[in-house]
Amino acid sequence: AFFGWKQGSDTLSRQRTVCTRLLARWHNLLAAGAVDMWARNVKEGLRLRRVAAKVVKMWEHGGLSSAWARWVEMAGESRRLRRVAEKVVAMWEHGNVAGAWAR
């Protein structure tokens, strides 16, 4: 009876070890996939940044430089107008409080 129990205990211990290793391997594979995806995204982001820099240089040195300058000017104006609109909306939202401070 003891020998049978010992053999069953050893078998369970081996199975537990194998399952633990298998789960650890699966976990590492999932983590490796996430790290690999992150590394690919970083690499792609750097590539896109280099391409954008080349495009900007081409625009600056080409016939599109005036169009680019106008776009940059319009984007800056759009940002400024957005900030002004946000302030106006904030004043509307906090009407009584903003009115007291504006006086």
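Since the model is a prediction, treat every value here as computed from it, not as a measurement.
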For R83, salt bridge (Lys or Arg N to Asp or Glu O under 4.0 Å) partners two or more places apart: none

Do V51 and W71 belong together in a cluster built from hydrophobic side chains that touch within less than 4.5 Å? yes

How many angstroms lie between atom CG of L12 and atom CD of Q7, to the nearest 0.5 angstrom? 11.0 Å

Taking atom OG of S78 and atom CD of E73, what is their separation to the nearest 0.5 Å? 12.5 Å

With rounding to the nearest 0.5 Å, note down the distance linking CZ in R50 to NZ in K54. 7.5 Å

Which residue pairs satisfy the ring pair (Phe, Tyr, Trp, His ring centres under 6.0 Å) criterion with at least one member in residues 8-49, sequence neighbours excluded? none

Set out, in order, the CA-CA distance, both residues' side-chain angles and the distance that settles salt bridge (charged side-chain N to carboxylate O under 4.0 Å, His left out) for R14 and D10, then state yes or no. CA-CA 6 Å; R14 248 189 332 263; D10 291 344; 5.8 Å; no

Starting at CE of M74, measure out to CZ of R79 and round the result to the nearest 0.5 Å. 12.0 Å

First locate atom OG1 of T17, then atom CG of L22, and finally report the distance between them rounded to the nearest 0.5 Å. 12.5 Å

Quick one: side chain to side chain contact (heavy atoms under 4.5 Å, CB included) partners of R16, sequence neighbours excluded? T20

Hey, does the side chain of S9 reach the backbone of W5 with a donor-acceptor pair shorter than 3.5 angstrom? no

Is the number of heavy atoms from other residues, nucleotides or ligands under 6.0 Å of R40 CZ greater than 12? yes

